[in-house]
Each structure stands twice: as structure tokens, then as C-alpha cells.
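Encoded as C-alpha cells, the structure appears first; notes follow it.
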Amino acid sequence: MKDLKDSRKLIDEIDEQIVDLFEKRMEVSEDVAKYKVENDMPVLDEERQKEKLLTLASSTDDEFLKHGIIELYEQLMAMSRKYQYKLISEKVRETGMGFEIIDDVPKEDVRVAYQGIAGAYSQQAAGEYFGDDVTYEHVTTFREAMQAVKDGKADYAVLPFENSSAGIVTDVYDLLVEFDHYIVDTFDIKIEHCLCAVPGATFDDIETVCSHPQAFMQSNEFLEEHGWEKINFANTAISARFIAEQGNKKTACIASANAAEIYGLEILKRGINFASKNTTKFIIITNKKIARKDADKMCISFEMPHERGTLYQMLSHIIYNDLNMTSIQSRPVPEKKWEYRFYVEFEGKPTDAGVVNALEGIKAEALKLKILGNY
């Protein structure tokens with residue numbers, strides 16, 4: 001048996017040779033990249049890669065080594081492509097990927113759409129973000145808010161994006177891919193659900209509670225103590241308006257203190273949601289490809305081949321370019337069974353070399369890539 005020190009010394013010598021060969025391989029990759037750039041050729045040649053991997057793997061009969069060779073060369077080829085994307089992206093970075101940089105989102109003489117009615121959390125978020133010098137338009141659904149921006153009836157829309165306890169608002173994620181809009185900013189609202197009823201009602205009167213399903217979920221611990229019947233509404237504010245119009249002491253609602261004030265309701269108990277720090281992140285979207293000059297996050301969506309290792313390969317572009325990924329979500333792709341669309345948020349700007357390099361790589365290797373905004 002060889003001494004461990006001798007084996008390690010031999011490995012060190014082999015590693016030095018591997019590093020030297022890797023440097024030489026990357027030098028040749030640079031020549032390949034320059035040729036492809038000059039001749040407008042795609043970086044990834046899947047057929048060439050598959051043939052090369054099969055040839056290399058066939059050089060040994062050991063199944064373990066075959067697998068290892070394929071994995072090793074997949075990584076080497078990926079590194080080569082990343083270097084080629086870097087050369088290509090140098091031209092793209094100068095354009096800032098088409099984003100117009102602005103000082104701030106205008107908060108005067110603009111039209112803003114939000115889903116819900118007066119007293120909805122979306123209305124609260126829109127009001128706190130934009131203030132009083134804009135024209136507000138409330139719509140019934142998230143889709144109608146997006147459509148209002150598309151049709152030019154609104155300059156911006158304010159939509160809920162994610163809740164700290166209930167998770168993402170799936171419909172909004174899907175609509176961001178469907179519509180050609182961009183996220184230009186985000187705004188957080190602390191969520192405090194209140195049990196509200198018509199004046200004079202007490203806990204003993206209540207038999208039924210109305211609200212949005214998410215409000216029920218966030219207040220589940222409180223509701224389980226009482227066993228009231230629950231009725232779903234499109235949003236919390238609509239449920240507040242409903243019980244105000246009905247005037248029935250037997251029916252309460254879960255809504256905000258703002259909604260209770262607007263519709264003349266009494267608050268029987270504040271803060272019934274189980275997470276005291278419950279927060280909803282709202283997004284400000286527009287159909288213009290703009291970004292604030294202090295924006296520091298990018299959001300993208302992509303679809304990829306339903307094959308082994310493809311998600312790793314997509315995310316490797318973010319890791320390799322030293323980008324800090326702050327969020328990743330997935331949604332089913334319609335009409336494609338068990339296939340998913342991924343949404344990734346990471347820190348950066350469209351003029352950052354690492355951002356452009358990563359996006360060039362993902363664009364080339366994904367089935368679809370969409371930049372959802374810089375904010």
C-alpha cells in the first residue's frame with residue numbers, strides 16, 4: 001500500500017498538469033468564441049456536444065468512469081460557453097439591455113390601476129406609494145389591472161406579489177409572463193387583519209365571517225377558536241362593504257382598519273392574523289421598459305428543456321457571474337404536464353457585466369427567457 005503523502009504528492013502533480021491543460025483549452029475557446037461572434041453563430045451546439053460526450057465516454061469500459069467523464073466534460077464545456085457569452089455580452093452591456101434609466105417613478109399627473117375597491121390593501125399600497133396627485137382606477141381582477149396598462153388606460157398598476165406568510169400571488173406571476181410589462185419598483189405593506197362587524201354587534205352575535213381566502217388562511221388560528229362559517233369574497237374590502245350594506249349583526253368580516261373606517265364598521269378585534277409581522281410585497285408595473293437609477297434587483301422568468309441537470313445549468317450562470325440570488329419560485333407551464341416556469345430575482349443592474357453575462361447564457365440555453373424588470 002502506498003503512503004498517503006506519496007499519493008497526495010502524485011495528485012498535486014497531476015492537478016498541475018490539469019490546470020495547465022485547462023488554460024490551454026480556454027485559450028482555444030477564445031478563438032472559437034471570436035469566430036462565432038464574427039460569423040453570428042450560436043454558442044451552444046447541442047449535437048456537437050452530445051457527439052463529443054459520447055466519444056469521450058466510450059474511451060473507457062468502466063461505467064463509473066464513463067459517468068465521471070461525462071460530468072467532467074459537461075462542466076468544462078459549460079465553462080467554455082460562459083467564456084464565450086462574456087465576449088458576446090460586452091456589446092450588449094453598452095446598451096443597458098434597452099432600459100431607459102429614470103430618476104424616479106412619477107407621482108404626479110399619472111393614472112394608476114389597482115385591484116379591488118376602496119379599503120382594499122391594494123388601494124392602501126397604491127395610495128401610500130403614489131400619494132394624492134394621481135388618478136386612481138380600481139378594477140375587479142388582476143388581469144383587468146394589467147389590461148388597463150396595456151390599453152393605455154393606466155400608466156401604472158399596483159399588484160400584490162408575495163406575502164410573508166402565505167407566499168406568492170400565483171395569478172400575478174403568471175400575468176407578468178403573459179403581458180409585456182415591467183416591474184419598476186416594489187412596496188411593502190404591513191398586513192393587520194381585523195374582525196369587523198356592523199355597529200352594536202358582539203362576538204356572541206356572529207355566526208358567519210366573510211373575507212378573502214388568503215385572509216382566512218392568515219387568520220386561521222383565531223378562527224378555529226370560534227368555528228364560524230366562512231364565506232369567500234374577491235377581497236377583504238368587498239367583504240367589508242357587503243356586511244355594511246346588509247346590516248346583519250350575525251355576519252362579520254375580516255378586513256383592514258382602513259376598510260372598517262370607510263364602511264362605518266366596528267372593529268371587534270385587531271391583529272387576528274397569526275403572524276404579527278405579516279407583510280405583503282406589492283409591485284409597481286408599467287408597459288415601458290424603464291428602471292430607476294437606484295434600482296438594484298433584476299427579475300427574470302425562464303423555461304427550459306425537461307431534462308436532467310437543466311435547472312442547475314440555468315442557475316450556474318448566476319453563480320458563475322457572482323450574482324446574489326434573492327428569490328426563486330416556480331409555476332406550472334400551461335399545457336405542459338409536469339413542466340415548470342422559474343422566476344428568479346437577483347441583485348444587479350442591466351449595465352453590470354455579470355448580469356449581462358448571466359442573461360446571455362440563460363437566453364442561449366433556455367427555451368424562453370423574459371426580463372420582468374429592474375427595480
Side-chain angles (χ1 to χ4, degrees), residues 112-130 138-146 156-178 181 183-196 209-224 230-240 253-260 267 269-285 297 299 301 325-332 340-346 372-373 375:
V112 179
Y114 64 86
Q115 183 268 339
I117 60 174
Y121 285 110
S122 292
Q123 183 256 337
Q124 181 182 341
E128 291 188 21
Y129 184 86
F130 282 98
H138 66 86
V139 295
T140 305
T141 65
F142 300 141
R143 175 176 292 279
E144 288 174 349
M146 298 288 273
Y156 299 93
V158 179
L159 299 171
F161 198 47
E162 184 174 6
N163 180 267
S164 58
S165 62
I168 66 171
V169 183
T170 55
D171 289 349
V172 173
Y173 272 74
D174 293 341
L175 289 169
L176 282 171
V177 174
E178 180 180 341
H181 297 342
I183 305 170
V184 70
D185 207 353
T186 64
F187 187 73
D188 291 350
I189 287 286
K190 182 179 179 181
I191 304 299
E192 183 185 52
H193 293 317
C194 302
L195 183 69
C196 309
V209 179
C210 306
S211 197
H212 187 274
Q214 198 170 69
F216 284 139
M217 181 174 62
Q218 294 165 3
S219 309
N220 189 51
E221 291 180 12
F222 170 78
L223 293 172
E224 284 183 348
K230 293 179 287 188
I231 300 177
N232 291 335
F233 275 74
N235 64 49
T236 56
I238 291 176
S239 71
C253 74
I254 297 174
S256 67
N258 182 41
I267 296 176
K269 188 173 179 61
R270 290 178 177 269
I272 64 173
N273 40 311
F274 61 84
S276 60
K277 295 183 179 179
N278 188 6
T279 301
T280 293
K281 182 186 295 295
F282 287 82
I283 54 173
I284 317 300
I285 67 103
K297 287 187 176 69
C299 188
S301 71
M325 187 171 69
T326 53
S327 175
I328 180 170
Q329 307 287 348
S330 66
R331 291 283 299 139
Y340 296 86
R341 177 184 298 124
F342 288 86
Y343 298 80
V344 174
E345 180 190 78
F346 53 86
L372 302 178
Y375 47 89

Gln123 versus Asn258: any side-chain heavy-atom pair under 4.5 Å?
-> yes
Determine yes or no for a side-chain-to-main-chain donor-acceptor pair under 3.5 angstrom, with Thr236 supplying the side chain and Ile254 the backbone.
-> no
Would Asn163 and Val169 count as a side-chain contact (heavy atoms from CB on, under 4.5 Å) if you check the C-alpha gap in whole Å, the side-chain angles of each, and the deciding distance to 0.1 Å?
-> CA-CA 8 Å; Asn163 180 267; Val169 183; over 6 Å; no
Mind checking whether Ser327 and Tyr343 have side chains closer than 4.5 Å, heavy atoms only?
-> no
Contacts of type side chain to side chain donor-acceptor pair (under 3.5 Å), residue Ser330, not counting sequence neighbours | none
How long is the gap from CD1 on Ile285 to OG1 on Thr186, to the nearest 0.5 Å?
-> 14.0 Å
Could you tell me whether a side-chain N or O of Asn273 sits under 3.5 Å from a main-chain N or O of Asn278, the two making a donor and an acceptor?
-> no
Kindly write out the residues that satisfy ring-ring contact (aromatic ring centres under 6.0 Å, His included) with Tyr340, not counting sequence neighbours, or none if the list is empty.
-> none
Who are the salt bridge (charged side-chain N to carboxylate O under 4.0 Å, His left out) partners of Glu144, not counting sequence neighbours?
-> none
Can you find a pair of side-chain heavy atoms, one from Tyr375 and one from Glu345, that are under 4.5 Å apart?
-> yes
Does the side chain of Ile283 come within less than 4.5 Å of Leu176's, by heavy atoms?
-> yes
Residues two or more places apart in sequence or in another chain: which of them pass salt bridge (charged side-chain N to carboxylate O under 4.0 Å, His left out) with Lys281?
-> Asp188
Pairwise distance CE(Met217) to NZ(Lys230) - rounded to 0.5 angstrom | 11.0 Å
With Glu178 via salt bridge (charged side-chain N to carboxylate O under 4.0 Å, His left out) - residues at least two apart = Arg143
ring-ring contact (aromatic ring centres under 6.0 Å, His included) with Phe233: which residues, sequence neighbours excluded?
-> Phe242
Could you list the residues that satisfy ring-ring contact (aromatic ring centres under 6.0 Å, His included) with Phe216, not counting sequence neighbours?
-> none
Listed by chain and number, what are the ring-ring contact (aromatic ring centres under 6.0 Å, His included) partners of His181, not counting sequence neighbours?
-> Phe179
Pairwise distance OG(Ser211) to CG(Leu223) - rounded to 0.5 angstrom = 9.0 Å
Quick one: are the ring centres of Phe130 and Tyr156 less than 6.0 Å apart?
-> yes
Go through the structure and list residues passing side chain to side chain donor-acceptor pair (under 3.5 Å) with His193, not counting sequence neighbours.
-> Tyr121, Gln218
Identify, with sequence neighbours excluded, every residue that meets side chain to side chain donor-acceptor pair (under 3.5 Å) alongside Gln115.
-> none
Write out all pairs satisfying salt bridge (charged side-chain N to carboxylate O under 4.0 Å, His left out) with one or both partners inside residues 163-174, taking only residues at least two apart or from two chains.
-> Asp174-Arg331
Indicate yes or no for a side-chain donor-acceptor contact from Ser219 to the backbone of Phe222 under 3.5 Å, with no hydrogens or angles considered.
-> no
Nearest heavy-atom pair of Leu175 and Met146: which atoms, and what distance?
-> O-CE, 3.6 Å
With sequence neighbours excluded, tell me which residues meet side chain to side chain donor-acceptor pair (under 3.5 Å) with Tyr173.
-> none
Shortest non-hydrogen separation from His138 to Gly116 and the atoms involved = CB-O, 2.9 Å
Which heavy-atom pair separates Ala237 from Ala120 by the least distance, and what is that distance?
-> CB-N, 3.2 Å
Residue pair Cys196 / Ala255: nearest heavy atoms and the distance that separates them = SG-O, 4.3 Å
Residue pair Cys253 / Ala240: nearest heavy atoms and the distance that separates them = SG-CA, 3.7 Å
Would Val158 and Glu128 count as a side-chain contact (heavy atoms from CB on, under 4.5 Å) if you check the C-alpha gap in whole Å, the side-chain angles of each, and the deciding distance to 0.1 Å?
-> CA-CA 11 Å; Val158 179; Glu128 291 188 21; over 6 Å; no
Going from CZ on Phe346 to OG1 on Thr326, what distance comes out if it is rounded to the nearest 0.5 angstrom?
-> 9.0 Å
Tell me, do Ile189 and Ile191 make a side-chain contact under 4.5 Å, heavy atoms counted?
-> yes
Rounding to 0.5 Å, atoms OG1 (Thr280) and CG (Leu159) come to a distance of 12.5 Å
